[in-house]
Amino acid sequence: MKKISLMGATGSIGMQTLDIIREHPDKFQLVAMSAGRNIEDTRKIINEFRPKLVSVQSEEDAIKIKSENTSSMIVLFGEEGLVEVACQHDADIIVNAVLGSVGLYPTLQAIEAGKDIAIANKETLVIAGHLVMKAAREKGVSILPVDSEHSAIFQCLQGESEKNIEKLIITASGGSFRDRTREDLLGVTVEEALNHPNWSMGAKITIDSATMMNKGLEVLEAHWLFDIPFDKINVLLHRESIIHSMVEFHDSSVMAQLGTPDMRVPIQYALTFPDRFPRKQMSKLNLADIGTLHFEKMDYERFRCLAFAFESGKIGGSMPTVLNAANEAAVDLFLKGKITFLEIEDIIEKSISKHNTIKNPSLDTIRQLDHETRSSIYSL
Ligand SMILES: NC(=O)C1=CN([C@@H]2O[C@H](COP(=O)(O)OP(=O)(O)OC[C@H]3O[C@@H](n4cnc5c(N)ncnc54)[C@H](OP(=O)(O)O)[C@@H]3O)[C@@H](O)[C@H]2O)C=CC1
Ligand SMILES: CC(=O)[C@@H](O)[C@H](O)COP(=O)(O)O
Ligand SMILES: [Mn+2]
């Protein structure tokens with residue numbers, strides 16, 4: 001029985017992780033969970049899975065949840081609560097499915113506590129990949145990718161030596177606006193942007209996918225997870241999201257991982273690695289039905305956020321922290337109807353162009369810069 005501590009249980013990845021636990025009750029147990037503000041779903045998860053430890057975002061919600069449950073269930077809140085979930089002493093593995101840079105500190109604490117981590121929370125690797133991977137190496141902790149592209153690369157690399165990699169080829173669906181020109185983007189609505197062609201995901205990542213920042217964040221995520229320089233990471237437009245990513249080796253052989261677009265596959269793989277469990281409710285890939293797969297060269301002028309991410313990654317140091325914080329704030333403002341879709345790019349461009357990079361930033365520096373960048377955008 002593998003004991004799981006799940007950060008971000010009420011989100012898209014969190015709920016699909018619960019599907020996996022539900023499907024294999026003899027293999028997995030939920031021992032701890034965190035949520036943000038979705039208290040209704042938190043109650044449902046508690047009733048079904050009976051975790052020993054629950055953390056929510058606010059003290060007020062923690063008091064409510066505590067009053068409704070047995071005294072043996074521990075209920076915490078805020079960052080301290082997240083850290084407790086991340087370090088739950090009973091847990092064999094932590095699933096980090098929280099959204100955004102809030103995931104960084106608990107991740108570092110989990111590593112310090114010697115916990116293996118299945119990581120969906122890509123923003124943590126983007127802003128502090130150097131700290132996370134160094135700490136994981138020193139502690140002998142595994143960082144298992146959940147993001148579909150990184151799971152694909154990880155699967156392609158099994159039995160292979162990283163020294164033989166020629167390049168990584170990360171596939172991108174193109175997002176909700178892939179068939180629109182930049183002029184067509186002028187009046188797009190939040191609702192249109194949230195209409196991803198292939199995947200059902202949380203709101204923020206769906207907008208990131210439409211701006212192509214999601215792919216930019218994934219380039220940085222791949223750089224840290226697989227220790228690969230940016231000039232060996234390529235992005236390829238692939239409309240169907242059937243090939244989840246590829247690895248080209250020096251001998252020109254290319255390995256790919258394929259499957260229907262369903263995040264439960266990479267989530268389960270991270271939980272069972274190096275084993276694989278059968279899936280009962282899975283729609284199988286039928287290539288004869290699909291017939292044709294499409295590929296296109298990436299256009300970096302059309303998708304400027306991807307260019308910003310590559311530039312920030314190559315500059316390194318504190319630049320990716322600013323890129324990410326600006327993106328998180330701008331996407332939030334877009335989702336709230338306060339800025340237009342194209343203003344997301346403008347805000348990010350301004351933030352990174354005025355930032356003076358700090359080399360090898362510490363955790364404190366990263367947290368401070370994250371806070372300052374957001375504050376300056378919200379106060380505009
Ligand atoms: N969805 C997907 O298919 C994929 C997602 N990812 C990555 O996984 C991560 C999660 O994405 P997704 O599941 O879509 O996001 P969601 O928005 O659906 O879920 C986010 C989760 O984080 C919680 N949360 C948000 N802010 C806070 C906070 N300040 N403190 C504590 N908890 C918080 C939310 O709580 P609540 O809802 O209760 O407020 C929710 O449980 C992201 O980094 C994303 O890029 C990667 C690949 C695919
Ligand atoms: C499911 C997943 O991993 C997402 O990150 C997905 O990749 C988004 O799709 P695109 O960014 O390719 O549109
Ligand atoms: Mn992805």
Side-chain angles (χ1 to χ4, degrees), residues 6-18 33-43 45 54-58 61 76-83 85-86 95-107 118-127 145-153 170-178 194 196-219 221-222 235-245 259-267 270 298 303 305-306 324 327-328 331-332 335:
L6 174 57
M7 296 162 60
T10 45
S12 161
I13 293 290
M15 289 292 190
Q16 293 177 86
T17 305
L18 294 172
M33 64 163 280
S34 82
R37 301 196 179 279
N38 183 345
I39 296 310
E40 270 321 297
D41 283 338
T42 301
R43 288 192 176 105
I45 299 167
V54 174
S55 174
V56 289
Q57 210 166 324
S58 76
D61 286 335
L76 302 170
F77 64 92
E79 185 173 78
E80 200 185 318
L82 263 183
V83 168
V85 172
V95 178
N96 180 352
V98 293
L99 181 68
S101 63
V102 71
L104 171 59
Y105 184 60
T107 301
I119 193 152
N121 174 222
K122 63 189 85 181
E123 295 88 353
T124 278
L125 288 167
V126 168
I127 65 176
V146 167
D147 207 344
S148 61
E149 295 76 4
H150 306 75
S151 175
I153 292 166
I170 300 181
T171 51
S173 76
S176 337
F177 300 137
R178 61 192 182 188
L194 286 174
H196 194 283
N198 304 334
W199 297 94
S200 166
M201 309 183 287
K204 190 261 181 183
I205 187 177
T206 307
I207 304 301
D208 285 348
S209 170
T211 62
M212 204 53 78
M213 181 56 91
N214 183 46
K215 225 36 63 178
L217 301 179
E218 290 181 352
V219 166
E221 185 184 8
V235 176
L236 179 68
L237 226 140
H238 164 47
R239 301 179 75 83
E240 292 83 7
S241 302
I242 294 293
I243 296 185
H244 297 305
S245 278
T260 54
D262 183 335
M263 278 307 294
R264 289 169 296 183
V265 178
I267 294 169
M298 183 54 68
F303 295 111
C305 283
L306 183 55
N324 180 71
N327 182 56
E328 285 195 35
V331 171
D332 182 47
L335 286 169

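Heavy-atom basis, side chains included; hydrogens, waters and symmetry copies ignored. This structure is a prediction, so every number in the text was calculated from the model and none was measured. If you read the sequence from its start, that first residue is 1, and numbering goes on from there. Just so you know, ligand 1 is whichever comes first in the structure, and atom 1 is the first atom listed for that ligand.
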Identity and distance of the protein heavy atom lying nearest atom 1 (N) of ligand 1:
S12 OG, 3.1 Å
Go through ligand 2 atom by atom and flag the ones less than 4.0 Å from a non-hydrogen atom of K215.
7 (O), 10 (P), 11 (O), 12 (O)
For the Mn ion (ligand 3), the closest N/O/S atom belonging to D147:
OD1
Short version for M201: what comes under 4.0 Å of ligand 2, heavy atoms counted, is side chain
Using a 4.0 Å heavy-atom cut-off, which part of M263 comes near ligand 1: side chain, backbone, both, or neither?
side chain
Which ligand 2 atoms are under 4.0 Å away from a heavy-atom of K122?
5 (O)
May I ask you to identify the nearest protein heavy atom to atom 9 (C) of ligand 1, giving residue, atom name and distance to one decimal place in Å?
V98 O, 3.4 Å
Which option, S12, S148, G216, P145, owns the non-hydrogen atom nearest atom 3 (O) of ligand 2?
S148
Report yes if some N/O of Q16 lies less than 3.5 Å from some N/O of ligand 1; otherwise report no.
no
Is there a side-chain contact between L82 and V98 (heavy atoms, below 4.5 Å)?
yes
H238 heavy atom under 4.0 Å from ligand 2
no
Taking every non-hydrogen atom, the tightest pair across R178 and N198:
NH1-ND2, 4.1 Å
Considering only N, O or S atoms of E149, the one closest to the Mn ion (ligand 3)
OE1
Non-hydrogen atom of E218 closer than 4.0 Å to ligand 2:
yes
Contact between T171 and S241 at the side-chain level, heavy atoms closer than 4.5 Å - yes or no?
no
Is there a nitrogen or oxygen of R37 sitting under 3.5 Å from a nitrogen or oxygen of ligand 1?
yes
Taking N or O atoms only and a 3.5 Å limit, does G36 qualify as a polar contact for ligand 1?
yes
What's the atom name of the N, O or S in E218 nearest to the Mn ion (ligand 3)?
OE2
So which heavy atom in the protein is nearest atom 7 (C) of ligand 1, and how far is it from that ligand atom?
A120 O, 3.1 Å
Can a non-hydrogen atom of K204 be found less than 4.0 Å from any atom of ligand 1?
no
May I ask you to list the atoms of ligand 1 that are less than 4.0 angstrom from any heavy atom of N121?
43 (O)
Using a 3.5 Å cut-off on N or O atoms only, is E123 in polar contact with ligand 1?
yes
Treating S151 as the side-chain partner and D147 as the backbone partner, does any N or O pair qualify as donor plus acceptor under 3.5 Å?
no
For atom 20 (C) of ligand 1, what's the nearest protein heavy-atom neighbour? Residue, atom name and distance, please.
L99 CB, 3.7 Å
I'd like to check whether G8 has a polar contact with ligand 1, where a contact means an N/O of the residue lying under 3.5 Å from an N/O of the ligand.
yes
Would M212 count as a contact of ligand 2 if the rule is a heavy atom under 4.0 Å away?
no
Name the option, out of S58, G103, G11, that contains the heavy atom nearest to atom 40 (C) of ligand 1.
G11
Check each atom of ligand 2 against the heavy atoms of S173 and keep those under 4.0 Å away; list them by number with element.
10 (P), 12 (O), 13 (O)
Between S245 and H150, is any pair of side-chain heavy atoms under 4.5 Å apart?
no
Can you measure from CE (M7) to CG (N121) and round to the nearest 0.5 angstrom?
7.0 Å
So, the side chain of D41 versus the backbone of R43: is there a donor-acceptor pair under 3.5 Å, distance only?
no
Could you tell me whether the side chain of Y105 reaches within less than 4.5 Å of the side chain of E79, counting heavy atoms only?
yes
May I ask you to check if ligand 1 and D147 share an N or O to N or O distance below 3.5 Å?
no
How far is atom 8 (C) of ligand 2 from its nearest protein heavy atom, and which residue and atom name does that atom have?
N214 ND2, 3.4 Å
Ligand 1-proximal atoms of A97, by part, heavy-atom distance under 4.0 Å
backbone
Point-to-point distance, once rounded to the nearest 0.5 Å, from SG of C305 to CD1 of I207:
11.5 Å
Are M298 and L236 packed together at the side-chain level, in the sense that at least one heavy-atom pair is separated by less than 4.5 angstrom?
no
So, the side chain of T124 versus the backbone of L104: is there a donor-acceptor pair under 3.5 Å, distance only?
yes
Is there side-chain contact between V146 and I119, with at least one heavy-atom pair below 4.5 Å?
no
Under 3.5 Å: donor-acceptor pair, side chain of S209, backbone of I205
no
The closest protein heavy-atom partner of atom 45 (O) of ligand 1 is K122 CE, 3.2 Å
Ignoring hydrogens and geometry, is there a side-chain-to-backbone donor-acceptor pair from T10 to T42 under 3.5 Å?
no
Nitrogen or oxygen of G202 less than 3.5 angstrom from that of ligand 1
yes
Nearest 0.5 Å, what's the OG1-CZ distance between T211 and F177?
10.0 Å
Proximity to ligand 2 by part of I205, non-hydrogen separation under 4.0 Å
side chain
I need the nearest protein heavy-atom contact for atom 9 (O) of ligand 2: residue, atom name and distance, please.
H196 NE2, 3.5 Å
Based purely on interatomic distance, does I13 place a nitrogen or oxygen under 3.5 Å from a nitrogen or oxygen of ligand 1?
yes
Between atom CG of N324 and atom CG of L217, what is the distance when rounded to the nearest 0.5 Å?
6.0 Å
Can you pull out the closest protein heavy atom to atom 36 (P) of ligand 1? Residue, atom name and distance to 0.1 Å, please.
T10 OG1, 3.3 Å
Per-atom filter on ligand 2: closer than 4.0 angstrom to a heavy atom of A172 are 12 (O)
closest protein heavy atom to atom 6 (N) of ligand 1 is I205 CD1, 3.6 Å
Non-hydrogen side-chain atoms of V265 and H244 separated by less than 4.5 Å:
no
Is the closest N or O pair between G14 and ligand 1 shorter than 3.5 Å?
no
If the threshold is 4.0 Å, N to carboxylate O, is there a salt bridge linking E328 and K204?
no
Within-4.5 Å side-chain heavy-atom neighbours: E123 and L99:
yes
Identify the closest protein heavy atom to atom 7 (O) of ligand 2: which residue and atom is it, and at what distance?
E149 OE2, 2.3 Å
Is the closest heavy atom of S34 to ligand 1 under 4.0 Å?
no
Return the residue, atom name and 0.1 Å-rounded distance of the protein heavy atom closest to atom 29 (N) of ligand 1.
Q57 NE2, 3.4 Å
With no hydrogens and no angle check, is any side-chain donor or acceptor of S173 less than 3.5 Å from a backbone partner on G175?
yes
Partner of N214 under side-chain hydrogen bond (donor to acceptor under 3.5 Å, both in side chains), chosen from H196, K122, E149
K122
Compute the shortest N/O to N/O distance between S200 and ligand 1 and return yes if it is under 3.5 Å, no if not.
no
Sub-3.5 Å donor-acceptor pair from the side chain of S55 to the main-chain atoms of V85, do we have one?
no
